[in-house]
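This report concerns only the one structure given below.
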Amino acid sequence: MQERLQMHDEWATSRGATLGVQCPDDLHAWVDAAALQRVADNFLTNAVHYAAGPITLQAGPGSSPGRVRIAVLDRGPGIPADQLDAVFAPFTRLDSARTPGHGSGLGLAIARQLAQQHGWAVGLQQRDGGGLIAWVEVPVSPIHSV
């Protein structure tokens, strides 16, 4: 996870964001590493685009036994509750004026597609106190895969 942050750090700093990581040392999951990196990169890219300030890449237990949740937490403007699922559609952007000339609107669509291909769960949720949580849940082992 630390390498994902290093990849985005200089750009994030130039945009006024700070990146951090919270992950237990003994946490392991059974995943396609390249696919998970792509999902995490898409989440981090969106967070840096929309949120100055602290952005955290966090990993921990998932919503059910045998799952690990990897999440990117920010304090940006968030997404209205009724749009949380819609932004996963290709080329969907809530307000193109927010980031003219930036991105294609494909990052979240790609993240969802990769998650579905691997049997992972993916989603967005509003963060208490403002901001957004973008998350993916993956199996701890192939026995627990969906």
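We number each residue from 1, following the sequence as shown.
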Over all atoms of both residues, closest heavy-atom pair of P24 and A59: CD-O, 3.3 Å
query: Shortest non-hydrogen contact from A89 to A109?
result: C-CB, 4.2 Å
- prompt: Can F43 be reached from L114 by stepping across I, L, V, M, F, W or Y side chains whose heavy atoms are under 4.5 Å apart?
  reply: yes
- request: Using the test side chain to side chain contact (heavy atoms under 4.5 Å, CB included), find all partners of A51 that sit at least two apart in sequence or belong to another chain.
  value: D74
- request: Give, for atom CD1 of I79 and atom CG of L124, the distance between the pair rounded to the nearest 0.5 Å.
  value: 5.0 Å
- prompt: Should L19 and L57 be marked as a side-chain contact (heavy atoms from CB on, under 4.5 Å) after you check the CA-CA gap, both sets of side-chain angles, and the distance that decides it?
  reply: CA-CA 8 Å; L19 302 178; L57 181 59; over 6 Å; no
- prompt: Is V87 linked to W120 within one hydrophobic cluster, defined over Ile, Leu, Val, Met, Phe, Trp and Tyr using a side-chain heavy-atom separation of less than 4.5 Å?
  reply: yes
- prompt: Looking only at heavy atoms, what is the nearest atom pair of A29 and V68, with distance?
  reply: CB-CG2, 4.1 Å
- prompt: How close do R67 and G119 get, heavy atom to heavy atom, and via which atoms?
  reply: NH2-O, 3.8 Å
- prompt: How many angstroms lie between atom CD1 of I55 and atom CZ of R15, to the nearest 0.5 angstrom?
  reply: 9.5 Å
- request: State plainly whether one hydrophobic cluster holds both V21 and M7, where clusters connect Ile, Leu, Val, Met, Phe, Trp and Tyr through side-chain heavy atoms under 4.5 angstrom apart.
  value: no
- prompt: Given the rule that I, L, V, M, F, W and Y join up when any side-chain heavy atoms are under 4.5 Å apart, are L44 and L106 in one cluster?
  reply: yes
- prompt: Of all residues at least two apart in sequence or in a different chain, which pass the side chain to side chain donor-acceptor pair (under 3.5 Å) check with S63?
  reply: E137
field: Minimum-distance pair of heavy atoms, taken over all atoms of N42 and G107
entry: ND2-O, 3.1 Å
message: Can you pull out every salt bridge (charged side-chain N to carboxylate O under 4.0 Å, His left out) where at least one residue sits in residues 24-35? Sequence neighbours excluded, please.
response: none
message: Heavy-atom count check: over 12 atoms from other residues, nucleotides or ligands less than 6.0 Å from D82 CG?
response: yes
field: Close side-chain approach of H118 and V138, heavy atoms under 4.5 Å
entry: no
task: Any salt bridge (charged side-chain N to carboxylate O under 4.0 Å, His left out) involving residues 41-64? Give me the pairs, sequence neighbours left out, ordered by first then second residue.
output: R4-D41
Qualifying residues under side chain to side chain contact (heavy atoms under 4.5 Å, CB included), relative to R112, sequence neighbours excluded: D85, F88, Q116, V122
message: Once rounded to the nearest 0.5 Å, what's the spacing between atom CG of L27 and atom CZ of R69?
response: 13.0 Å
Heavy atoms from other residues, nucleotides or ligands near CZ of R127 exceed 12 (cutoff 6.0 Å): yes
message: Hydrophobic cluster membership, with links at side-chain heavy-atom distances under 4.5 Å among I/L/V/M/F/W/Y: are L73 and L132 in one?
response: no
query: Quick one: ring-ring contact (aromatic ring centres under 6.0 Å, His included) pairs with a partner in residues 2-24, sequence neighbours left out?
result: W11-H49
task: Return yes when atom CD of Q117 has more than 12 non-hydrogen atoms of other residues, nucleotides or ligands closer than 6.0 Å, and no otherwise.
output: yes
